[in-house]
Amino acid sequence: MAAVAQCVRGAVRPRYPLLSFALRTSPRLLCAATQQKSTGQNLEEDQGQSQNEHKVEPSSAEKILTEEKAKLEEQLKEVTDKYKRALADAENIRQRSQKLVEEAKLYGIQSFCKDLLEVADILEKATESVPKEEIKDENPHLKSLYEGLVMTEVQIQKVFKKHGLLRLNPVGAKFDPYEHEALFHAPMEGKEPGTIALVSKIGYKLHGRTLRPALVGVVKDA
């Protein structure tokens, strides 16, 4: 410490004689000044370090917030996708349910219609079995019976049509396995192969869906 004081006194003596005198007479003052300077420097360093820490801390906080924001955005995206898929599934279920309800309304009577077809077949056979030459005024009872059967057959076909049940009498049409059932295949002159030459039993469709295929005979190559 004495060496430091001596160096300081030697440095300041030529220019500042009063300060040199003060330092010579008061070495404690030199120590106090030196300590104050050192303390000031330490305070400045501490403040600078504190400011640097303050500067670093916001950067770390911003980084954390950015990461949290990215996570939340990803979670939001996943939840949104799940929500959209759930809506799409619900809409598909609703449409399928509505379609099933509509089909139930349309085709719920098909079992009943099948039973009525047997009645229509009997009426058709009955009218076809009556000899046409016997239907005359001389046989009023037979004529009335025949006319009643014909009217009943016409009426039942009207009821069928009203409820979407239509006849399939495909004579001369191309064979369709979805609408026709082939009983036999036979060559026939003047007939195109693959066409229907004979209908053994009339078929029916309910609202465009085949309820009973027509029983047919199909022309084949000779």
Side-chain angles (χ1 to χ4, degrees), residues 48-124 153-185 192-221:
Q49 185 177 1
S50 177
Q51 289 177 357
N52 291 332
E53 290 178 355
H54 285 305
K55 290 181 180 178
V56 172
E57 287 179 357
S59 299
S60 300
E62 288 177 0
K63 184 177 180 181
I64 294 172
L65 290 175
T66 302
E67 292 177 355
E68 291 293 331
K69 179 183 177 183
K71 291 180 182 179
L72 291 175
E73 288 178 349
E74 186 66 23
Q75 292 177 0
L76 177 62
K77 184 178 179 181
E78 292 179 0
V79 172
T80 303
D81 291 340
K82 290 180 180 179
Y83 175 70
K84 289 180 179 179
R85 285 197 294 269
L87 284 180
D89 291 340
E91 180 63 18
N92 291 334
I93 292 173
R94 187 191 67 80
Q95 291 179 358
R96 285 198 296 268
S97 300
Q98 184 177 358
K99 184 177 180 181
L100 290 174
V101 170
E102 291 176 354
E103 288 182 351
K105 291 179 180 179
L106 290 176
Y107 304 109
I109 60 172
Q110 62 182 1
S111 179
F112 178 67
C113 289
K114 284 183 177 180
D115 293 336
L116 284 180
L117 294 183
E118 299 298 329
V119 178
D121 292 339
I122 293 173
L123 286 173
E124 185 178 1
E153 186 180 5
V154 170
Q155 186 62 31
I156 199 170
Q157 290 299 327
K158 287 182 179 179
V159 174
F160 286 170
K161 187 175 180 180
K162 178 181 178 181
H163 293 280
L165 188 61
L166 302 176
R167 286 163 55 97
L168 289 177
N169 189 5
V171 176
K174 283 284 186 180
F175 177 76
D176 185 351
Y178 295 101
E179 296 182 356
H180 314 136
E181 182 178 344
L183 296 177
F184 61 89
H185 292 77
E192 183 182 355
T195 59
I196 297 172
L198 176 68
V199 177
S200 176
K201 193 172 186 180
I202 296 294
Y204 284 88
K205 294 178 73 173
L206 179 61
H207 295 292
R209 179 187 295 181
T210 301
L211 182 63
R212 186 182 75 181
L215 303 180
V216 300
V218 184
V219 180
K220 71 175 184 177
D221 293 330

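- Contacts of Lys220 classified as side chain to side chain contact (heavy atoms under 4.5 Å, CB included), with partners at least two apart in sequence or in another chain: His185, Pro187.
- Listed by chain and number, the residues in a side chain to side chain contact (heavy atoms under 4.5 Å, CB included) with Lys114 are Leu211 (sequence neighbours excluded).
- Nearest heavy-atom pair, Tyr204 versus Ala120, reported as atom, atom and distance to 0.1 Å: OH-CB, 4.1 Å.
- Using modelled atom types, no side-chain atom of Ser200 and backbone atom of Val216 make a donor-acceptor pair closer than 3.5 Å.
- Scanning all heavy atoms of the two residues, the minimum distance from Thr210 to Tyr178 falls at OG1-O, 3.0 Å.
- Annotation: the span from Phe175 atom CZ to Thr195 atom OG1 amounts to 11.5 Å, rounded to 0.5 Å.
- Residues passing the side chain to side chain contact (heavy atoms under 4.5 Å, CB included) test with Leu106 are His207, sequence neighbours excluded.
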Next on the checklist: Run Leu76 and Thr80 through side-chain contact (heavy atoms from CB on, under 4.5 Å) and show every step you take.
Outcome noted: CA-CA 6 Å; Leu76 177 62; Thr80 303; 4.0 Å; yes
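- Residues satisfying the side-chain hydrogen bond (donor to acceptor under 3.5 Å, both in side chains) criterion with Glu74, sequence neighbours excluded, are absent altogether.
- At least one side-chain heavy atom of Arg212 sits under 4.5 Å from a side-chain heavy atom of Asp121.
- In this structure, the side chains of Glu192 and Val219 stay at 4.5 Å or more apart for every pair of heavy atoms.
- Here Leu165 contributes atom CG and Lys205 contributes atom NZ; the two are 11.5 Å apart, rounded to the nearest 0.5 Å.
- Of all heavy-atom pairs spanning Ile196 and Lys174, the tightest one is CD1-O, 4.2 Å.
- For Pro193 against Asp221, the heavy-atom pair with the smallest separation is CG-OD1, 2.8 Å.
- Considering CZ of Phe160 and CG of Leu116, their distance stands at 5.0 Å, rounded to 0.5 Å.
- Pairs engaging residues 82-103 under the salt bridge (charged side-chain N to carboxylate O under 4.0 Å, His left out) rule: Glu91-Arg94 [sequence neighbours left out].
- Here the side chains of His180 and Pro170 are in contact, with some heavy-atom distance below 4.5 Å.
- Pairs of residues two or more places apart, or lying in two chains, never qualify as side chain to side chain donor-acceptor pair (under 3.5 Å) while including a residue from residues 159-172.
- Closest heavy-atom contact between Val171 and Ala197: CG1-O, 4.4 Å.
- For the atom pair CG (Asp115) and CD (Gln110), the distance works out to 11.5 Å, reported to the nearest 0.5 Å.
- Checked for salt-bridge contact, Glu181 and Lys201 miss the test: no charged N lies under 4.0 Å from a carboxylate O.
- Distance check, rounded to the nearest 0.5 Å: CG of Leu168 to CG of Leu215 gives 11.0 Å.
- To the nearest 0.5 Å, the span separating CD1 on Ile93 from CD on Gln98 amounts to 14.0 Å.
- Taking both residues in full, the closest heavy atoms of Ala214 and Gly203 are given as CB-N, 3.6 Å, listed atom of the first, atom of the second, then distance.
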